[in-house]
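Start at 1 and go down the list; that is how both ligands and their atoms are numbered.
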Amino acid sequence: MERYDQARFSQADDAEYEPLLSEKSTEEVEVESSLPDDLTRDSLELPDLSEPELVRHYVRLSQQNYGVDTGPYPLGSCTMKYNPKFTEDLAARPEAAVHPDRSEESVQGTLGLLHGLQEQLKKIGGMDAVTLQPPAGAAGEFAGILLAKAYHESRGEGAQRDEIVIPDSAHGTNFASAALGGYDVVELPSADDGRVDLDALEAAVGENTAALMLTNPNTLGLFERDIEEIADVVHDAGGLLYYDGANLNALLGRARPGDMGFDIMHFNVHKTFATPHGGGGPGAGPVGVTDDLAEFLPNPQVRETDAGFEFFEPDSSIGKVHGFYGNWLVLVKAYAYIARLGDDGLGDAAAKAVLNANYLAEQVEYDVPFEPFHHEFVASAGDQDAADVAKRMLDYAVHPPTTKWPEIVSEALMTEPTEVESKRTLDQLAAAFNAVADESTETIESAPERTTARRIDQTEAARNPRLSWHALDN
Ligand SMILES: *Cc1c(COP(=O)(O)O)cnc(C)c1O
């Protein structure tokens, strides 16, 4: 509390927020120039501030922010884990700044890294081929849907197979990707135990099914134990099985979607393999496929020949889904992270992710209706509103979990501590949960009290964001 008040004190005047630079200084900079008069302006609309004023402005803003470098960030499903700085250092090296139009011969190291990452991801996912091009998980989903479509079309079943089956616990992007791909979405209700209901699946799947999209462990953190039967049901009907890789952290180095029968998968490298995300990116969503679908992958792919590495276009490629070869620097970080951890390290990360989630759930007083979960759990805020709980947790200086989703759990607090947090941090997190659990509705419904911005209109902020100074004018 005290530290916070000091920060507020240091803000100019009695402004509620840190003022904009243009609000701090209304004087404009006089420009003296030896250029001809008709080529110069009298003044520039730049604030006239000293270096310390400028530096303090940005440092204060950074201190008002919360991030994985500030504290734990247990956003279930989003996997906001601390990302080691050595990956940032590598991506920031001048050698990493390659112009995408350079000739293949002159960027053999770049192509070697891309090829290496393709190979690493193939091995981790149990897939036969991988594209690195999609720039996010959702973009990977959409590319995956286009691949499924190309596959069915090549077999003359494109028009007939116009449905995609998705469990009700799935991430919203699954529904959006399927719809954007021109498919009708068939929503699959979950069984009482929170998993895929096999009877419902058999009823939903048939000759119109293009694919089933599945997250495993699902968004309740539950492993789909019947995955082999699920795969058989889908494959027997002629459909494909799509793996949403957002929860790969639970399986990393221990189990592979390819071995479970999945035909297509995306990796959220920004969730699983370093690169902080949030705020819209940048990320990368590489897509892995089995041999049957490799010919449709986006262009270009990288392959190794006797003469070195080269780009090539797969035979029946769906084309490009992003400029050049994707978000290169994010891929550098993913490659470095995987190389540094090695096979054992990846398996260890998964084990710790699961251990940490289970330890935290033990300490938290809120009820956790679905078990046994893996790297994340979904607690119920019970009589409290999950959004109030989340806002109140900010007052205890930790980031709250994902709320109100999946809807199978009422007032859901979807929590994923990730493998990087220590027992000490998990205990702090649990203390914050439990302090809020004991508080009254009156206390929590007006939270947060101790943050720079109080309750904002979240819907308005998402639907009608005002991101510039000029927008504030009107
Ligand atoms: C994050 C997430 C996605 C979408 O990934 P983005 O990289 O954010 O586009 C898809 N499915 C699940 C389950 C997720 O958690």
Side-chain angles (χ1 to χ4, degrees), residues 68 73-81 83 121 125 131-146 164 166-181 185 187-188 190 194-196 211-224 241-252 257 262 264-288 321-322 326-327 330-331 333-334 353 357 370 373-378 401-409 412-418 462:
V68 277
Y73 214 124
L75 275 185
S77 202
C78 295
T79 315
M80 300 290 270
K81 68 183 179 189
N83 297 283
L121 295 179
T131 171
L132 304 173
Q133 217 176 52
E141 288 172 30
F142 181 57
I145 296 298
L146 296 182
I164 294 206
I166 307 174
D168 57 5
S169 61
H171 195 257
T173 50
N174 289 187
F175 301 90
S177 299
L180 207 59
V185 174
E187 191 172 318
L188 198 63
S190 301
R195 296 188 173 82
V196 167
L212 167 71
M213 296 180 87
L214 207 60
T215 313
N216 195 19
N218 67 19
T219 58
L220 293 166
L222 309 177
F223 187 78
E224 297 288 355
L241 201 55
Y242 183 96
Y243 181 82
D244 177 334
N247 289 348
L248 191 64
N249 260 24
L251 304 184
L252 207 52
F262 286 94
I264 313 172
M265 70 174 290
H266 78 256
F267 301 82
N268 300 63
V269 300
H270 45 290
K271 293 181 181 177
T272 310
F273 305 118
T275 289
H277 70 113
V287 172
V321 295
H322 193 68
N327 274 340
V330 176
L331 302 172
K333 292 186 233 182
F370 292 101
F373 47 81
H374 289 72
H375 66 304
E376 67 188 4
F377 62 90
V378 184
T402 303
T403 55
K404 308 234 179 197
W405 178 69
E407 288 166 8
I408 306 170
V409 174
L413 299 167
M414 183 196 220
T415 313
E416 180 179 359
T418 80

Donor-acceptor under 3.5 Å (Thr402 side chain, Gly76 main chain)
yes
Keeping Ser169 on the side-chain end and Pro167 on the backbone end, is there a donor-acceptor pair under 3.5 Å?
no
So if I count the atoms of ligand 1 from 1 in the order they appear, which ones are less than 4.0 Å from some heavy atom of His270?
6 (P), 7 (O)
Taking all heavy atoms of Ala284 and all of Leu331, pick out the closest pair and write down the distance.
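Closest approach of Ala284 to Leu331, heavy atoms only: CB-CD2, 3.8 Å.
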Can you report which non-hydrogen protein atom sits closest to [atom], along with the distance?
atom	answer
atom 11 (N) of ligand 1	Asp244 OD2, 2.5 Å
atom 6 (P) of ligand 1	Gly137 N, 3.5 Å
atom 9 (O) of ligand 1	Ala138 N, 2.8 Å

Would you call the rings of His266 and Tyr242 parallel, tilted or perpendicular if under 30° counts as parallel and over 60° as perpendicular?
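His266 vs Tyr242 ring planes: tilted.
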Any N/O of Asn268 closer than 3.5 Å to an N/O of ligand 1?
yes
Does an N or O anywhere in Ala246 fall below 3.5 Å from an N or O of ligand 1?
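Checking ligand 1 against Ala246, no N or O pair falls under 3.5 Å apart.
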Which of the listed options, His266, Met414, Lys271, Glu376, holds the heavy atom that is closest to atom 1 (C) of ligand 1?
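It is Lys271 that holds the nearest heavy atom.
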Under 4.0 Å, heavy-atom basis, I'd like to know which part of Ser77 is in contact with ligand 1: side chain, backbone, both or neither.
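Near ligand 1, Ser77 shows its backbone as well as its side chain.
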Would you say the side-chain atoms of Glu416 and Ser77 include a donor-acceptor pair closer than 3.5 Å?
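There is no such pair between these side chains.
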Is any side-chain heavy atom of Asn216 less than 4.5 Å from a side-chain heavy atom of Pro257?
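No - every pair of side-chain heavy atoms lies 4.5 Å or more apart.
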